[in-house]
Amino acid sequence: MKTFESLYAELSAKAASGAEDSLTVDELKKGTHFIGKKILEEAGETWTAAEYEGAARTAEEMSQLIYHLQVMMIQKGISLEDLYKNL
Ligand SMILES: N=c1c2ncn([C@@H]3O[C@H](COP(=O)(O)OP(=O)(O)OP(=O)(O)O)[C@@H](O)[C@H]3O)c2ncn1[C@@H]1O[C@H](COP(=O)(O)O)[C@@H](O)[C@H]1O
């Protein structure tokens, strides 16, 4: 099972490697505007799931939101420490 930290490390490694089969690498190439739209999309889907679809579906959408947030972190050079100091 992955954690927030292990996923961030995995995505950072994917970004550094430029792996051609990586959706993360693809998304980073599409840039900030695209990633931002995904964050909005997944945030909305999280809200909808929370209203109408139960905990399991909400957790699934939250996981996708966290993923795209992490892609944006990497895109903008934001470290875990940069994030944690603001929590
Ligand atoms: N956790 C995720 C993850 N969550 C979401 N996504 C991306 O988001 C897509 C699914 O959500 P979308 O909204 O785009 O697609 P959808 O079918 O509309 O799904 P819903 O929005 O309806 O829920 C996937 O096709 C991925 O592009 C993810 N892609 C990757 N990961 C993790 O990142 C790791 C690295 O992935 P790669 O970079 O592709 O190797 C993987 O091992 C996973 O653990």
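We count ligands from 1, going down the list as the structure has it; atoms in each ligand are counted the same way.
At a heavy-atom distance under 4.0 Å, no atom of Glu27 approaches ligand 1. In Leu11, the part holding a heavy atom less than 4.0 Å from any atom of ligand 1 is the side chain.
Protein heavy atom in closest approach to atom 13 (O) of ligand 1: Glu42 OE2, 2.7 Å. For atom 11 (O) of ligand 1, the nearest non-hydrogen atom of the protein is Gln64 OE1, 2.8 Å. Scanning all protein heavy atoms for the shortest distance to atom 42 (O) of ligand 1 gives Lys2 NZ, 2.8 Å. The protein heavy-atom contact nearest to atom 39 (O) of ligand 1 is Leu23 N, 2.8 Å. At the shortest separation from atom 23 (O) of ligand 1 among protein heavy atoms lies Glu61 OE2, 3.0 Å. Among all protein heavy atoms, the one lying closest to atom 3 (C) of ligand 1 is Tyr67 CG, 3.3 Å. Nearest protein heavy-atom neighbour of atom 40 (O) of ligand 1: Lys14 NZ, 3.0 Å. Of the protein's non-hydrogen atoms, Glu10 OE2, 3.5 Å is the one closest to atom 34 (C) of ligand 1.
Using a 4.0 angstrom heavy-atom cutoff, His68 counts as in contact with ligand 1.
Per-atom contact check: atom 16 (P) of ligand 1 does not touch the protein, criterion being a heavy-atom distance below 4.0 Å.
Contact atoms of ligand 1 toward Thr24: 35 (C), 36 (O), 37 (P), 38 (O), 39 (O) (distance under 4.0 Å to a heavy atom of the residue). Listed by atom number, the atoms of ligand 1 under 4.0 Å from Glu41 heavy atoms are 13 (O), 21 (O). Short contacts between ligand 1 and Glu45, defined as distances under 4.0 Å to a heavy atom of the residue, involve ligand atoms 20 (P), 21 (O), 22 (O), 23 (O). Interface atoms of ligand 1 facing Lys38, defined by a heavy-atom separation under 4.0 Å, are 12 (P), 13 (O), 14 (O).
Taken together through direct or relayed side-chain contacts under 4.5 Å among Ile, Leu, Val, Met, Phe, Trp and Tyr, Met1 and Met62 form parts of separate hydrophobic clusters. No continuous path of hydrophobic side-chain contacts links Ile74 to Val25 [ILVMFWY only; heavy atoms under 4.5 Å]. Hydrophobic clustering, with ILVMFWY side chains joined whenever heavy atoms are under 4.5 angstrom apart, keeps Ile66 apart from Leu40.
In terms of polar-atom proximity, defined here as any N/O pair under 3.5 Å, Leu7 makes no such contact with ligand 1. Any N or O atom pair closer than 3.5 Å counts here, and Arg57 shares no such pair with ligand 1. Looking at Ser63 next to ligand 1, no N or O pair under 3.5 Å apart turns up.
In this structure, Glu61 pairs ionically with Arg57, as a charged nitrogen and a carboxylate oxygen lie closer than 4.0 Å. A salt bridge between Lys38 and Glu41 is present, with a side-chain N of the basic residue lying under 4.0 Å from a carboxylate O of the acidic one. A salt bridge is defined here as a Lys NZ or Arg NE, NH1 or NH2 lying under 4.0 Å from an Asp or Glu carboxylate O, and Glu10 with Lys2 meets this definition.
No hydrogens or angles considered: nothing links the side chains of Ser79 and Tyr8 as a donor-acceptor pair under 3.5 Å.
Between Lys30 and Ile35, the closest side-chain pair of non-hydrogen atoms is not below 4.5 Å. Looking only at side-chain heavy atoms (C-beta outward), Tyr52 and Trp47 stay at 4.5 Å or farther from each other. Taking 4.5 Å as the limit, some side-chain heavy atom of Glu27 sits within range of a side-chain heavy atom of Tyr67.
The nearest pair of heavy atoms linking Asp26 to Glu20 is OD1-O, 4.4 Å. Between Val71 and Leu11 the shortest heavy-atom distance is CG2-CD1, 4.3 Å.
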